[in-house]
Visitor: 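Take a look at the following structure, please.
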Amino acid sequence: MSLHTLPHPDHLPHLDPRFAHEHPAFGLGAITPPPRILLLYGSLRERSYSRLAVEEAARLLRFFGAETRIFDPKDLPLPDQVAGDDHPAVHELREHAMWSEGMVWCSPERHGQITGIMKTQIDHLPLEMKGLRPTQGRTLAVMQVSGGSQSFNAVNTLRLLGRWMRMFTIPNQSSVAKAFQEFDEAGRMKPSSYYDRIVDVMEELVRFTVLLRPHAEQLVDRYSERKSAGIVIDPAKDLSSIAVCQR
C-alpha cells in the first residue's frame with residue numbers, strides 16, 4: 001500500500017473548538033457519505049514539511065467530517081519510465097484519485113517552483129483513462145511550504161495545473177514561510193496565523209466539495225467530448241430542452 005498513515009489523527013491541540021464548525025458544509029448539500037479527499041505532498045525527506053502540513057490538513061478535514069487518504073509517493077517511477085505506466089504505485093495513485101471527490105496538493109517551493117516529486121504525481125494522473133477521469137470535476141485546495149520568506153510561486157503553479165486537469169480550485173490557499181520554524185520536534189504545527197489559514201482552507205474545501213457534489217457531472221459535461229464519443233442528446237432527458245419547452 002502506498003498510503004501514508006496519519007499519526008494522531010484526532011489530536012488537534014491548536015484548534016479552538018469555540019470557533020470551529022464541525023460541519024462547515026451543513027445546509028449546502030448532503031454531508032453523508034463523508035466527502036472523500038486525497039492529499040498529495042511533494043518531498044521525500046524524512047522530515048518533510050509538505051508532508052507535515054498535509055498531515056495537519058488531513059486532521060482538520062477529518063474534524064470537518066471528511067474521509068481522507070494521504071498518498072506516499074516514495075515508490076512512484078518517473079513518468080514514461082515504465083512501459084504503459086504498468087507499475088503498482090501508479091495504479092494505486094490513480095485508484096485513489098478515482099475514489100476522491102476533492103484533493104489537497106502541497107508542494108515545497110524549490111528554485112521558485114514546485115518539486116519534481118509533486119509534478120510526477122500530477123503527471124501520473126491522466127485527463128482520461130479508459131473512459132474514466134481521475135481529476136475532472138473534483139475540487140482542489142493548493143498549499144506550499146517555503147524555506148525562506150513567504151512566496152506564492154508554488155501555489156500559483158498548482159493552480160495552473162489544477163485548471164489544466166479540469167478541477168475546481170477553491171479561492172483560498174495556504175503558503176507557509178520559513179516552515180522549519182513552524183513545526184515542533186514531534187512534527188506538529190505550532191499555533192500561528194499560518195495554522196489558522198490551513199484551517200480556513202480545509203473548511204472551505206469541505207464546503208465547495210459538498211456544494212458541487214450533486215452537480216459535478218453536469219458541470220464538466222462537454223460538447224466536444226459528447227461529439228467524440230458519439231453520445232447524442234435525448235431531448236426527453238435534456239434538462240435545458242425541457243426548460244425551454246415549458247416556458
Side-chain angles (χ1 to χ4, degrees), residues 1-10 33-62 64-108 110 114-145 154 157-158 161-169 187 202 205-206 209 212-213 216-217 220:
M1 292 287 289
S2 295
L3 288 181
H4 172 69
T5 300
L6 177 63
H8 310 293
D10 301 313
R36 302 182 303 276
I37 308 297
L38 174 65
L39 299 96
L40 308 181
Y41 58 91
S43 169
L44 298 181
R45 291 177 176 174
E46 183 176 354
R47 186 172 170 83
S48 163
Y49 294 112
S50 61
R51 189 194 73 240
L52 295 178
V54 153
E55 289 176 357
E56 295 293 352
R59 295 183 186 102
L60 291 164
L61 287 167
R62 287 170 54 89
F64 293 140
E67 184 179 352
T68 63
R69 294 180 183 179
I70 302 174
F71 183 75
D72 185 343
K74 67 178 183 299
D75 295 325
L76 270 182
L78 293 172
D80 306 319
Q81 184 177 0
V82 178
D85 296 329
D86 190 13
H87 188 281
V90 176
H91 295 318
E92 189 171 344
L93 172 61
R94 292 173 177 178
E95 289 170 4
H96 295 315
M98 290 303 306
W99 164 86
S100 73
E101 296 178 272
M103 296 189 193
V104 176
W105 294 350
C106 181
S107 177
R110 185 170 295 169
I114 65 172
T115 61
I117 294 296
M118 192 77 238
K119 186 62 161 57
T120 292
Q121 294 175 86
I122 298 170
D123 284 347
H124 278 303
L125 295 174
L127 282 175
E128 190 274 336
M129 178 182 66
K130 298 179 180 179
L132 302 175
R133 305 186 185 282
T135 59
Q136 183 167 303
R138 287 158 177 77
T139 53
L140 173 65
V142 295
M143 302 166 55
Q144 77 170 71
V145 294
T157 294
L158 292 174
L161 288 166
R163 184 170 71 247
W164 183 260
M165 303 302 286
R166 300 173 184 171
M167 304 176 78
F168 297 106
T169 309
M202 295 308 113
L205 177 63
V206 170
T209 303
L212 295 179
R213 173 182 265 177
E217 184 175 346
V220 296

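Note that the structure is predicted; figures quoted are calculated from it, not measured.
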Visitor: Would you indicate whether His8, at its atom NE2, is surrounded by more than 12 heavy atoms from other residues, nucleotides or ligands within a distance under 6.0 Å?
Guide: no
Visitor: For the pair Thr120 (side chain) and Gly116 (backbone), establish whether a donor and an acceptor sit closer than 3.5 Å, ignoring hydrogens and angles.
Guide: yes
Visitor: Under the criterion side chain to side chain contact (heavy atoms under 4.5 Å, CB included), I'd like the reasoning laid out for Met202 against Val206: C-alpha separation, chi angles, the key distance, then a yes or no.
Guide: CA-CA 6 Å; Met202 295 308 113; Val206 170; 5.7 Å; no
Visitor: Does the side chain to side chain contact (heavy atoms under 4.5 Å, CB included) test come out yes or no for Gln136 and Glu217, once each step is laid out?
Guide: CA-CA 9 Å; Gln136 183 167 303; Glu217 184 175 346; over 6 Å; no
Visitor: To the nearest 0.5 Å, tell me how far Met167 CE sits from Thr139 OG1.
Guide: 7.0 Å
Visitor: Is there a side chain to side chain contact (heavy atoms under 4.5 Å, CB included) between Phe168 and Val220? Walk through the geometry before answering.
Guide: CA-CA 10 Å; Phe168 297 106; Val220 296; 4.2 Å; yes
Visitor: For residues Pro126 and Arg94, report the shortest heavy-atom separation together with the two atoms involved.
Guide: CD-NE, 3.5 Å
Visitor: Is the closest side-chain donor-acceptor distance between His91 and Glu95 under 3.5 Å?
Guide: no
Visitor: Quick one: does Leu40's side chain get under 4.5 Å of Leu93's, heavy atoms only?
Guide: yes
Visitor: Between NE2 of His87 and NE2 of His124, what distance do you get to the nearest 0.5 Å?
Guide: 8.5 Å
Visitor: Please find the pair of heavy atoms, one from Arg213 and one from Pro33, that lie closest to each other, and give the distance.
Guide: NH2-O, 2.8 Å
Visitor: Does any part of the side chain of Glu67, heavy atoms only, come nearer than 4.5 Å to the side chain of Ser100, both counted from C-beta?
Guide: no
Visitor: Ignoring hydrogens, what is the shortest heavy-atom contact between Met118 and Ser107? Give both atom names and the distance.
Guide: CG-CB, 3.6 Å
Visitor: Quick check: do Ile122 and Leu158 have side-chain heavy atoms less than 4.5 Å from each other?
Guide: yes
Visitor: Quick one: are Pro134 and Met103 in side-chain contact, heavy atoms under 4.5 Å?
Guide: no
Visitor: Test Ile70 against every option in Val104, Leu6, Leu38 by the side chain to side chain contact (heavy atoms under 4.5 Å, CB included) rule and name the one that passes.
Guide: Leu6
Visitor: Answer yes or no: is there a side-chain heavy-atom contact under 4.5 Å between Ile37 and Leu205?
Guide: yes
Visitor: With a 3.5 Å cut-off and no angle check, do the side chains of Ser43 and Ser50 form a donor-acceptor pair?
Guide: no
Visitor: How far apart are the closest heavy atoms of Leu140 and Gly162, and which atoms are they?
Guide: CD2-CA, 3.7 Å
Visitor: Any side-chain to backbone donor/acceptor pair from Arg138 onto Thr209? Under 3.5 Å, distance only.
Guide: no
Visitor: Can you tell me how far CH2 of Trp105 sits from OG1 of Thr157, rounded to the nearest 0.5 angstrom?
Guide: 11.5 Å
Visitor: Looking at NE2 of His4 and NZ of Lys74, how far apart are the two atoms once the value is rounded to the nearest 0.5 Å?
Guide: 9.5 Å
Visitor: Find the distance between CD (Glu92) and CZ (Phe71) and round it off to the nearest 0.5 Å.
Guide: 6.0 Å
Visitor: Please assess Arg36 against Glu101 for the test salt bridge (charged side-chain N to carboxylate O under 4.0 Å, His left out), listing each intermediate value before the final yes or no.
Guide: CA-CA 5 Å; Arg36 302 182 303 276; Glu101 296 178 272; 3.5 Å; yes
Visitor: Backbone N or O of Gly42 within a donor-acceptor pair of the Thr115 side chain at under 3.5 Å?
Guide: yes
Visitor: Evaluate the side chain to side chain contact (heavy atoms under 4.5 Å, CB included) criterion for residues Lys119 and Leu161: first the C-alpha distance (whole Å), next the side-chain angles of each, then the deciding distance (0.1 Å), finally the verdict.
Guide: CA-CA 9 Å; Lys119 186 62 161 57; Leu161 288 166; 4.0 Å; yes
Visitor: Any side-chain donor paired with an acceptor under 3.5 Å for Arg51 and Tyr49?
Guide: no
Visitor: To check you understand the geometry: which heavy-atom pair defines the closest contact between Ala53 and Val145, and what is its length?
Guide: CB-CG1, 4.1 Å
Visitor: How far apart are the closest heavy atoms of Thr68 and Ala58, and which atoms are they?
Guide: CG2-O, 3.9 Å
Visitor: What's the separation between atom CD in Gln121 and atom NE2 in His96, rounded to the nearest 0.5 Å?
Guide: 11.5 Å
Visitor: If you count heavy atoms of other groups shown closer than 6.0 angstrom to CH2 of Trp99, is the number above 12?
Guide: yes
